[in-house]
Amino acid sequence: MMPRDKMQVFAGRASTELAEKVCAKLSIPLGKAEIRPFPDGEIDLKVIDDVRGSDVFIIQSTSAPADSHLMELLIFIDCLKRASVERITAVIPYFGYARQDRKAEGRVPITAKLVANLITTAGADRVLTIDLHAAQIQGFFDIPVDHLFSSPVMIEYIKHLRIPKLIVVAPDVGGVKLARAYAKHLAADLAIVDKRRIGPRQTEAMQIIGDIKGKNILMVDDMISTATTISNAAEIMRSKGAKNIYVCATHAVLTEGSLQKLQKARFNEVVLSDTIYHNPKTLTDQIRILSVSGMLAEAIRRIHYSESVSSLFI
(Lines give C-alpha, C1' and ligand atoms only; values in the text may rest on other atoms or scores of the structure.)
Protein backbone atom coordinates (compact mmCIF):
# COMPACT_ATOMS: atom_id res chain seq x y z
CA MET A 1 0.00 0.00 0.00
CA MET A 2 1.22 3.49 -0.87
CA PRO A 3 2.39 5.57 2.14
CA ARG A 4 -0.14 8.33 2.70
CA ASP A 5 2.49 11.02 3.25
CA LYS A 6 4.25 10.37 -0.05
CA MET A 7 2.26 12.75 -2.26
CA GLN A 8 4.27 15.22 -4.34
CA VAL A 9 3.12 17.80 -6.88
CA PHE A 10 5.29 19.19 -9.68
CA ALA A 11 4.59 21.78 -12.34
CA GLY A 12 5.55 22.26 -15.95
CA ARG A 13 6.26 25.80 -17.13
CA ALA A 14 2.75 26.15 -18.61
CA SER A 15 1.02 25.80 -15.23
CA THR A 16 3.42 26.98 -12.53
CA GLU A 17 1.08 29.58 -11.04
CA LEU A 18 -1.90 27.20 -10.97
CA ALA A 19 0.25 24.46 -9.39
CA GLU A 20 1.39 26.86 -6.65
CA LYS A 21 -2.25 27.60 -5.81
CA VAL A 22 -3.05 23.87 -5.74
CA CYS A 23 -0.14 23.15 -3.40
CA ALA A 24 -1.18 26.01 -1.11
CA LYS A 25 -4.63 24.42 -0.77
CA LEU A 26 -3.05 21.00 -0.13
CA SER A 27 -0.62 22.56 2.40
CA ILE A 28 2.39 20.98 0.70
CA PRO A 29 5.38 22.59 -1.06
CA LEU A 30 5.58 22.54 -4.84
CA GLY A 31 8.13 19.98 -5.98
CA LYS A 32 11.49 21.30 -7.14
CA ALA A 33 12.67 20.71 -10.68
CA GLU A 34 15.00 22.46 -13.09
CA ILE A 35 13.64 23.01 -16.60
CA ARG A 36 15.77 24.87 -19.09
CA PRO A 37 16.58 24.68 -22.80
CA PHE A 38 19.69 23.26 -24.36
CA PRO A 39 21.39 25.71 -26.77
CA ASP A 40 19.53 24.10 -29.69
CA GLY A 41 16.13 24.45 -28.00
CA GLU A 42 15.74 20.91 -26.66
CA ILE A 43 14.35 20.64 -23.12
CA ASP A 44 16.75 19.86 -20.29
CA LEU A 45 14.85 18.69 -17.19
CA LYS A 46 16.01 17.48 -13.80
CA VAL A 47 13.88 16.69 -10.73
CA ILE A 48 15.64 17.96 -7.59
CA ASP A 49 13.51 16.36 -4.88
CA ASP A 50 13.72 12.69 -3.91
CA VAL A 51 10.62 11.02 -5.40
CA ARG A 52 11.30 7.31 -4.93
CA GLY A 53 8.06 5.56 -3.93
CA SER A 54 6.00 8.75 -4.15
CA ASP A 55 2.54 9.33 -5.57
CA VAL A 56 3.40 12.12 -8.01
CA PHE A 57 1.12 14.60 -9.78
CA ILE A 58 2.46 16.69 -12.70
CA ILE A 59 0.39 19.78 -13.50
CA GLN A 60 0.91 20.94 -17.07
CA SER A 61 -1.53 22.35 -19.62
CA THR A 62 -0.65 21.66 -23.24
CA SER A 63 -1.48 25.22 -24.26
CA ALA A 64 0.49 27.41 -26.66
CA PRO A 65 3.22 26.74 -27.54
CA ALA A 66 1.46 23.38 -27.57
CA ASP A 67 4.34 21.34 -29.02
CA SER A 68 6.85 22.57 -26.43
CA HIS A 69 4.49 22.16 -23.48
CA LEU A 70 3.42 18.68 -24.59
CA MET A 71 7.03 17.57 -25.05
CA GLU A 72 7.89 19.00 -21.63
CA LEU A 73 5.09 16.96 -20.07
CA LEU A 74 6.28 13.76 -21.76
CA ILE A 75 9.88 14.35 -20.63
CA PHE A 76 8.68 15.07 -17.09
CA ILE A 77 6.73 11.77 -17.02
CA ASP A 78 9.72 9.82 -18.35
CA CYS A 79 12.05 11.47 -15.81
CA LEU A 80 9.80 10.54 -12.89
CA LYS A 81 9.24 7.01 -14.16
CA ARG A 82 13.01 6.46 -14.22
CA ALA A 83 13.26 7.92 -10.71
CA SER A 84 11.20 4.98 -9.35
CA VAL A 85 8.03 6.80 -8.33
CA GLU A 86 5.08 4.66 -7.23
CA ARG A 87 2.47 6.32 -9.48
CA ILE A 88 2.33 9.24 -11.94
CA THR A 89 -0.83 11.24 -12.55
CA ALA A 90 -0.67 13.69 -15.45
CA VAL A 91 -2.83 16.64 -14.41
CA ILE A 92 -3.67 18.38 -17.69
CA PRO A 93 -6.02 21.31 -16.95
CA TYR A 94 -6.21 22.14 -20.67
CA PHE A 95 -5.81 19.13 -22.97
CA GLY A 96 -4.58 20.45 -26.31
CA TYR A 97 -4.80 18.79 -29.72
CA ALA A 98 -8.35 17.76 -28.75
CA ARG A 99 -10.22 19.40 -31.63
CA GLN A 100 -9.29 16.59 -34.02
CA ASP A 101 -11.04 13.74 -32.22
CA ARG A 102 -12.41 11.92 -35.29
CA LYS A 103 -11.93 11.67 -39.05
CA ALA A 104 -14.36 14.32 -40.27
CA GLU A 105 -12.95 13.90 -43.79
CA GLY A 106 -10.35 11.84 -45.61
CA ARG A 107 -6.61 12.06 -44.99
CA VAL A 108 -6.71 13.83 -41.62
CA PRO A 109 -5.15 12.71 -38.31
CA ILE A 110 -6.87 12.00 -35.01
CA THR A 111 -4.47 14.05 -32.88
CA ALA A 112 -6.41 13.54 -29.64
CA LYS A 113 -5.75 9.79 -29.86
CA LEU A 114 -2.10 10.36 -30.81
CA VAL A 115 -1.51 12.56 -27.76
CA ALA A 116 -3.31 10.06 -25.51
CA ASN A 117 -0.98 7.34 -26.79
CA LEU A 118 2.10 9.51 -26.20
CA ILE A 119 1.14 10.29 -22.60
CA THR A 120 0.42 6.62 -21.87
CA THR A 121 3.60 5.38 -23.54
CA ALA A 122 5.70 7.96 -21.66
CA GLY A 123 4.64 6.26 -18.43
CA ALA A 124 1.64 8.08 -16.95
CA ASP A 125 -0.56 5.84 -14.79
CA ARG A 126 -3.54 8.17 -14.65
CA VAL A 127 -4.84 11.42 -16.18
CA LEU A 128 -6.78 14.23 -14.50
CA THR A 129 -8.19 16.88 -16.81
CA ILE A 130 -10.88 19.57 -17.07
CA ASP A 131 -13.55 20.11 -19.74
CA LEU A 132 -12.27 18.03 -22.64
CA HIS A 133 -13.30 19.44 -26.00
CA ALA A 134 -15.01 16.10 -26.65
CA ALA A 135 -15.96 13.76 -23.81
CA GLN A 136 -15.17 10.64 -25.85
CA ILE A 137 -11.44 11.47 -25.63
CA GLN A 138 -11.52 9.72 -22.24
CA GLY A 139 -11.89 6.49 -24.19
CA PHE A 140 -8.70 7.18 -26.18
CA PHE A 141 -6.64 6.40 -23.07
CA ASP A 142 -5.83 2.89 -21.83
CA ILE A 143 -5.31 4.29 -18.33
CA PRO A 144 -7.88 5.78 -15.90
CA VAL A 145 -9.07 9.32 -16.70
CA ASP A 146 -10.82 11.64 -14.26
CA HIS A 147 -12.69 14.27 -16.25
CA LEU A 148 -13.66 17.32 -14.18
CA PHE A 149 -15.83 20.27 -15.18
CA SER A 150 -15.30 23.94 -14.33
CA SER A 151 -19.07 24.52 -14.24
CA PRO A 152 -19.39 24.29 -10.42
CA VAL A 153 -16.89 27.16 -10.09
CA MET A 154 -18.56 29.18 -12.85
CA ILE A 155 -22.12 28.56 -11.67
CA GLU A 156 -21.33 29.66 -8.12
CA TYR A 157 -19.98 32.95 -9.46
CA ILE A 158 -22.94 33.53 -11.80
CA LYS A 159 -25.37 32.92 -8.94
CA HIS A 160 -23.69 35.70 -6.97
CA LEU A 161 -24.30 38.12 -9.86
CA ARG A 162 -28.07 37.66 -9.43
CA ILE A 163 -28.81 38.31 -13.12
CA PRO A 164 -32.58 38.76 -13.67
CA LYS A 165 -34.46 37.20 -16.61
CA LEU A 166 -31.51 34.95 -17.38
CA ILE A 167 -31.43 32.52 -20.30
CA VAL A 168 -28.52 30.18 -21.01
CA VAL A 169 -27.42 29.97 -24.65
CA ALA A 170 -25.37 27.26 -26.37
CA PRO A 171 -23.24 28.93 -29.09
CA ASP A 172 -23.63 25.82 -31.26
CA VAL A 173 -25.46 22.49 -31.24
CA GLY A 174 -22.39 20.71 -29.84
CA GLY A 175 -22.58 22.81 -26.69
CA VAL A 176 -26.20 21.98 -25.84
CA LYS A 177 -25.35 19.42 -23.13
CA LEU A 178 -23.09 21.88 -21.31
CA ALA A 179 -25.62 24.71 -21.65
CA ARG A 180 -28.40 22.47 -20.35
CA ALA A 181 -26.34 21.69 -17.22
CA TYR A 182 -25.88 25.41 -16.57
CA ALA A 183 -29.57 26.11 -17.20
CA LYS A 184 -30.59 23.37 -14.77
CA HIS A 185 -28.42 24.64 -11.91
CA LEU A 186 -29.31 28.28 -12.56
CA ALA A 187 -33.05 27.53 -12.96
CA ALA A 188 -32.94 29.31 -16.33
CA ASP A 189 -34.36 28.64 -19.79
CA LEU A 190 -32.24 27.35 -22.68
CA ALA A 191 -31.65 28.65 -26.22
CA ILE A 192 -29.38 27.48 -29.04
CA VAL A 193 -27.47 29.29 -31.78
CA ASP A 194 -27.84 27.42 -35.07
CA LYS A 195 -24.60 28.10 -36.94
CA ARG A 196 -23.09 26.98 -40.19
CA ARG A 197 -19.34 26.51 -40.65
CA ILE A 198 -18.00 28.12 -43.84
CA GLY A 199 -14.31 27.29 -43.41
CA PRO A 200 -11.75 25.78 -41.02
CA ARG A 201 -11.41 29.10 -39.16
CA GLN A 202 -14.70 30.77 -39.95
CA THR A 203 -18.24 30.15 -38.78
CA GLU A 204 -21.42 31.92 -39.74
CA ALA A 205 -24.12 32.14 -37.06
CA MET A 206 -27.51 31.75 -38.68
CA GLN A 207 -30.44 31.90 -36.24
CA ILE A 208 -31.52 31.56 -32.61
CA ILE A 209 -33.65 28.65 -31.44
CA GLY A 210 -35.54 29.97 -28.40
CA ASP A 211 -37.11 33.19 -27.17
CA ILE A 212 -34.40 35.65 -26.04
CA LYS A 213 -36.23 38.96 -26.50
CA GLY A 214 -35.87 41.12 -23.39
CA LYS A 215 -33.71 38.46 -21.69
CA ASN A 216 -30.20 38.61 -20.23
CA ILE A 217 -27.93 36.08 -21.92
CA LEU A 218 -25.33 33.69 -20.54
CA MET A 219 -23.38 31.98 -23.32
CA VAL A 220 -21.35 28.96 -22.21
CA ASP A 221 -18.60 27.08 -24.04
CA ASP A 222 -15.58 24.92 -23.27
CA MET A 223 -13.08 27.38 -24.78
CA ILE A 224 -12.62 30.76 -26.42
CA SER A 225 -10.06 30.64 -29.22
CA THR A 226 -10.67 33.17 -31.99
CA ALA A 227 -13.88 34.49 -30.32
CA THR A 228 -15.56 34.54 -33.75
CA THR A 229 -18.42 32.19 -32.82
CA ILE A 230 -19.53 34.00 -29.68
CA SER A 231 -19.03 37.44 -31.22
CA ASN A 232 -21.23 36.57 -34.21
CA ALA A 233 -23.79 35.01 -31.89
CA ALA A 234 -23.85 38.14 -29.72
CA GLU A 235 -24.53 40.32 -32.76
CA ILE A 236 -27.48 38.20 -33.81
CA MET A 237 -28.88 37.97 -30.28
CA ARG A 238 -28.84 41.74 -29.92
CA SER A 239 -30.71 42.03 -33.22
CA LYS A 240 -33.31 39.64 -31.72
CA GLY A 241 -33.83 41.86 -28.67
CA ALA A 242 -31.39 40.41 -26.11
CA LYS A 243 -30.29 42.76 -23.32
CA ASN A 244 -27.04 42.13 -21.42
CA ILE A 245 -24.76 39.32 -22.60
CA TYR A 246 -22.36 37.37 -20.37
CA VAL A 247 -19.96 34.60 -21.40
CA CYS A 248 -18.54 31.65 -19.45
CA ALA A 249 -15.77 29.53 -20.96
CA THR A 250 -13.31 27.21 -19.28
CA HIS A 251 -10.21 27.50 -21.45
CA ALA A 252 -8.86 30.93 -22.41
CA VAL A 253 -7.00 29.90 -25.56
CA LEU A 254 -7.28 33.51 -26.85
CA THR A 255 -5.50 33.54 -30.19
CA GLU A 256 -4.33 36.72 -31.90
CA GLY A 257 -7.14 39.23 -32.35
CA SER A 258 -9.58 37.47 -30.01
CA LEU A 259 -9.39 40.14 -27.27
CA GLN A 260 -10.25 42.82 -29.81
CA LYS A 261 -13.27 40.80 -30.95
CA LEU A 262 -14.45 40.39 -27.36
CA GLN A 263 -14.21 44.14 -26.79
CA LYS A 264 -16.02 44.92 -30.03
CA ALA A 265 -18.82 42.48 -29.12
CA ARG A 266 -19.51 44.55 -25.96
CA PHE A 267 -19.99 41.64 -23.57
CA ASN A 268 -20.90 42.69 -20.05
CA GLU A 269 -18.45 40.16 -18.65
CA VAL A 270 -16.37 37.28 -19.97
CA VAL A 271 -15.72 34.71 -17.23
CA LEU A 272 -12.78 32.36 -17.80
CA SER A 273 -10.78 29.91 -15.71
CA ASP A 274 -7.04 29.73 -15.07
CA THR A 275 -6.50 26.37 -16.80
CA ILE A 276 -4.40 28.43 -19.24
CA TYR A 277 -2.22 31.15 -17.78
CA HIS A 278 -2.44 34.71 -19.11
CA ASN A 279 -0.69 37.71 -17.65
CA PRO A 280 -3.51 39.80 -16.10
CA LYS A 281 -1.91 42.93 -17.54
CA THR A 282 -2.62 41.66 -21.06
CA LEU A 283 -6.34 41.11 -20.45
CA THR A 284 -9.18 43.60 -20.80
CA ASP A 285 -11.37 44.89 -17.97
CA GLN A 286 -14.36 42.83 -19.13
CA ILE A 287 -12.51 39.55 -18.44
CA ARG A 288 -12.70 37.87 -15.03
CA ILE A 289 -10.49 34.87 -14.25
CA LEU A 290 -11.76 32.28 -11.76
CA SER A 291 -9.39 29.69 -10.31
CA VAL A 292 -9.97 25.94 -10.58
CA SER A 293 -7.17 25.31 -8.07
CA GLY A 294 -9.55 24.35 -5.27
CA MET A 295 -11.31 21.77 -7.42
CA LEU A 296 -8.01 20.33 -8.67
CA ALA A 297 -6.58 20.20 -5.15
CA GLU A 298 -9.60 18.28 -3.88
CA ALA A 299 -9.45 15.85 -6.83
CA ILE A 300 -5.72 15.26 -6.24
CA ARG A 301 -6.33 14.65 -2.54
CA ARG A 302 -9.09 12.15 -3.27
CA ILE A 303 -7.05 10.30 -5.90
CA HIS A 304 -4.11 10.03 -3.50
CA TYR A 305 -6.27 8.63 -0.70
CA SER A 306 -8.27 6.38 -3.07
CA GLU A 307 -11.52 8.23 -2.41
CA SER A 308 -14.35 8.80 -4.87
CA VAL A 309 -13.89 11.68 -7.33
CA SER A 310 -17.33 11.32 -8.94
CA SER A 311 -19.00 13.66 -6.45
CA LEU A 312 -16.98 16.52 -7.98
CA PHE A 313 -18.81 16.04 -11.29
CA ILE A 314 -22.14 17.70 -12.14
Side-chain angles (χ1 to χ4, degrees), residues 1-12 14-33 47 49-62 69-70 72-74 76-96 98 115-132 135-153 250-251 273-275 291-314:
M1 181 177 290
M2 191 179 303
R4 293 200 167 192
D5 61 342
K6 292 286 284 182
M7 174 173 64
Q8 291 176 273
V9 175
F10 290 86
S15 301
T16 303
E17 185 170 292
L18 177 58
E20 288 173 346
K21 293 178 183 177
V22 169
C23 286
K25 294 184 182 299
L26 290 170
S27 299
I28 61 173
L30 181 63
K32 296 179 182 178
V47 172
D49 294 341
D50 180 15
V51 294
R52 182 177 293 271
S54 292
D55 186 14
V56 177
F57 297 81
I58 312 166
I59 303 178
Q60 170 82 327
S61 283
T62 52
H69 287 155
L70 173 60
E72 187 176 300
L73 174 62
L74 298 175
F76 222 135
I77 293 170
D78 181 78
C79 176
L80 290 167
K81 197 74 174 177
R82 296 176 189 278
S84 301
V85 303
E86 180 70 23
R87 181 175 64 180
I88 300 171
T89 301
V91 182
I92 312 172
Y94 169 67
F95 184 87
V115 171
N117 286 346
L118 290 170
I119 291 169
T120 304
T121 301
D125 299 294
R126 192 179 197 99
V127 168
L128 173 62
T129 190
I130 300 176
D131 279 319
L132 287 169
Q136 65 264 26
I137 292 173
Q138 297 172 78
F140 294 176
F141 288 90
D142 294 324
I143 55 177
V145 176
D146 290 303
H147 183 205
L148 303 180
F149 300 91
S150 70
S151 44
V153 177
T250 304
H251 307 301
S273 82
D274 58 353
T275 57
S291 183
V292 295
S293 57
M295 181 174 64
L296 279 178
E298 180 61 17
I300 288 171
R301 187 194 67 79
R302 293 186 184 199
I303 291 170
H304 176 65
Y305 289 107
S306 299
E307 296 175 2
S308 173
V309 181
S310 60
S311 62
L312 298 176
F313 308 155
I314 69 164

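Everything quoted here is computed from the prediction, not taken from an experiment.
In this structure, CD1 on I130 lies 11.5 Å from CG on D146, to the nearest 0.5 angstrom. Rounding to the nearest 0.5 Å gives a distance of 10.0 Å between CD of Q8 and NE2 of H304. In this structure, CZ on F10 lies 7.5 Å from OG on S54, to the nearest 0.5 angstrom. With rounding to the nearest 0.5 Å, the separation of CD1 in I58 from CD in E72 is 10.0 Å. In this structure, CG on L296 lies 6.5 Å from CD1 on I59, to the nearest 0.5 angstrom.
A heavy-atom distance below 4.5 Å is not found between the side chains of T89 and I300. Taking the side chain as every heavy atom from C-beta outward, I119 and I92 approach each other to under 4.5 Å. Residues V115 and T62 are not in side-chain contact: their nearest non-hydrogen atoms beyond the backbone lie 4.5 Å or more apart.
A salt bridge is defined here as a Lys NZ or Arg NE, NH1 or NH2 lying under 4.0 Å from an Asp or Glu carboxylate O, and R87 with D55 meets this definition. Comment: K6 does not engage D50 in a salt bridge, judged by the lack of any side-chain N to carboxylate O separation of less than 4.0 angstrom.
In plain terms, the two heavy atoms of N117 and F140 that are nearest each other are OD1-O, 4.3 Å. A124 and I77 get closest at one heavy-atom pair: N-CG2, 3.4 Å. When all heavy atoms of V153 and S291 are compared, the closest pair comes out as CG1-O, 3.8 Å. Annotation for H251 and D131: closest pair NE2-O, 3.0 Å, computed over non-hydrogen atoms. When all heavy atoms are compared, the tightest approach of R126 to I143 is N-CD1, 3.8 Å. Taking each heavy atom of I88 and G123 in turn, the nearest pair found is CD1-O, 4.0 Å.
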Please table the atom pairs, donor to acceptor, closer than 3.5 Å between any side-chain atom in residues 15-29 and protein atoms at least two apart or in another chain.
unit_1, atom_1, unit_2, atom_2, d
S15, OG, S61, N, 2.9
T16, OG1, G12, O, 3.2
K21, NZ, D274, OD2, 3.4

Just do the side chain to side chain contact (heavy atoms under 4.5 Å, CB included) check on H147 and T129 with the steps written out, would you? CA-CA 5 Å; H147 183 205; T129 190; 4.1 Å; yes
Does the pair V145 and I137 meet the rule for a side chain to side chain contact (heavy atoms under 4.5 Å, CB included), with working shown? CA-CA 9 Å; V145 176; I137 292 173; over 6 Å; no
Residue pair E307, R301: steps toward the side chain to side chain contact (heavy atoms under 4.5 Å, CB included) verdict: CA-CA 8 Å; E307 296 175 2; R301 187 194 67 79; 3.0 Å; yes
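Among residues two or more places apart in sequence or in another chain, the side chain to side chain donor-acceptor pair (under 3.5 Å) test is passed with D78 by R82. Residues that satisfy the ring pair (Phe, Tyr, Trp, His ring centres under 6.0 Å) test with F57, not counting sequence neighbours, are absent from this structure.
Listed for the S273 side chain is a donor-acceptor partner under 3.5 Å among the backbone atoms of T250. E298 contributes no side-chain N or O that, together with a main-chain N or O of M295, makes up a donor-acceptor pair within less than 3.5 Å. Of the possible donor and acceptor atoms, one in the side chain of D49 sits under 3.5 Å from a partner among the backbone N and O of K32. Looking only at distances, a side-chain donor or acceptor of Q60 sits under 3.5 Å from a matching main-chain atom of H69.
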